[in-house]
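Data block below; observations after.
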Amino acid sequence: MQDLARYIRTVPDFPKAGIQFKDITTLLKDPEAFRRSLDAMKARFQEPVDVIVGIESRGFIFGGALAASYGAGFVPARKQGKLPAEVEQETYELEYGADQLEIHKDAIRPGQKVLIVDDLLATGGTAAATARLVKKLGGDIVGLLFLIELTFLNGREKLKDFRVESIIQYAEE
Ligand code: AMP
């Protein structure tokens, strides 16, 4: 599956100096590469899933498509202030400062099987905050699924309690 990596464009110094940004728009616009990415992701979790939680914003693209494919519901985990009804909130650390993620309080029923999806696992802070939100609502986390993993950032360390799967790994920047 590493051949899917050739559809991903690395943009240096975006959004700021020193970041090698993995741009997936070049993969998404290719019908075959997008389809194969979704198939590869779905193959990693073959058990039943009730709800896919997608992380804003690129997690919505993969999570939404996967939800339809699993016959699961889709729930967005969003940045602070975007969701209109009552929310649960979690704070997570960024390189400089902190940020908040929110989920609707009624988005998941206790005991529902939840798969958390995003495009990319970096330090794991965002995904770990999302997992805490799902736990607060009583969801049963089946695992976390990413297209891309930057393994040199050790994001899995923050997700030790869960099964974590990724399709394309980068071992260095
Ligand atoms: P983290 O919380 O450090 O695991 O960051 C994960 C979130 O930030 C994901 O939603 C990614 O889409 C985004 N992200 C972090 N680093 C990169 C990168 N190098 N290229 C593209 N997206 C990134």
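None of these values were measured; they are calculated from a predicted model. Read the numbers this way: they start at 1 and go in the same order the structure lists the ligands and their atoms.
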So which heavy atom in the protein is nearest atom 14 (N) of ligand 1, and how far is it from that ligand atom?
-> L120 CD2, 3.7 Å
Nearest protein heavy atom to atom 20 (N) of ligand 1, by residue and atom, and its distance?
-> K22 N, 2.9 Å
Heavy atom of I55, distance to ligand 1 below 4.0 Å | no
Is T123 in polar range of ligand 1, meaning some N or O pair under 3.5 Å apart?
-> yes
closest protein heavy atom to atom 12 (O) of ligand 1 is D119 OD1, 2.8 Å
Under 4.5 Å between side-chain heavy atoms, hopping through other hydrophobics if needed: is there a path connecting I52 to L144?
-> no
F45 six-ring centre to R163 NZ/CZ under 6.0 Å and within 45° of normal = yes
Closest protein heavy atom to atom 4 (O) of ligand 1, given as residue, atom name and distance to 0.1 Å | G124 N, 2.7 Å
Protein contact for atom 8 (O) of ligand 1 (heavy atom, distance under 4.0 Å) | no
For ligand 1, indicate whether the residue T126 contacts it via side chain, backbone, both or neither (heavy-atom separation under 4.0 Å).
-> both
Give a yes-or-no answer on whether the side chains of E149 and Q169 include a donor-acceptor pair shorter than 3.5 Å.
-> no
How does R58 reach ligand 1, by side chain, by backbone, by both or by neither, if only non-hydrogen atoms under 4.0 Å count?
-> side chain
Would you kindly confirm whether L83 and V117 end up in one hydrophobic cluster when ILVMFWY residues are joined by side chain heavy atoms under 4.5 Å apart?
-> no
Can any side-chain N or O of D118 pair as donor or acceptor with the backbone N or O of G59 at less than 3.5 Å?
-> yes
Return yes when L150 approaches ligand 1 closer than 4.0 angstrom through a heavy atom, no otherwise.
-> yes
Element-labelled atoms of ligand 1 that are located less than 4.0 Å from some non-hydrogen atom of D118 = 9 (C), 10 (O)
Without swapping roles, check the side chain of E102 against the backbone of G81 for a donor-acceptor pair under 3.5 Å.
-> yes
Relative to atom 21 (C) of ligand 1, which among F21, F14, Y170 owns the nearest non-hydrogen atom?
-> F21
Any chance you could lay out the side chain to side chain contact (heavy atoms under 4.5 Å, CB included) test for V51 and V134, step after step, and finish with the verdict?
-> CA-CA 10 Å; V51 176; V134 172; over 6 Å; no
May I ask whether A127 places a heavy atom under 4.0 Å from ligand 1?
-> no
What residue and atom, counting heavy atoms only, is the protein's closest point to atom 19 (N) of ligand 1, and at what distance?
-> Q20 O, 3.0 Å
Specify the closest pair of heavy atoms between A77 and T130, including all atoms of both residues, with the distance to one decimal.
-> CB-CG2, 4.1 Å
Expected output: side-chain R132 to main-chain T91 donor-acceptor under 3.5 Å = yes
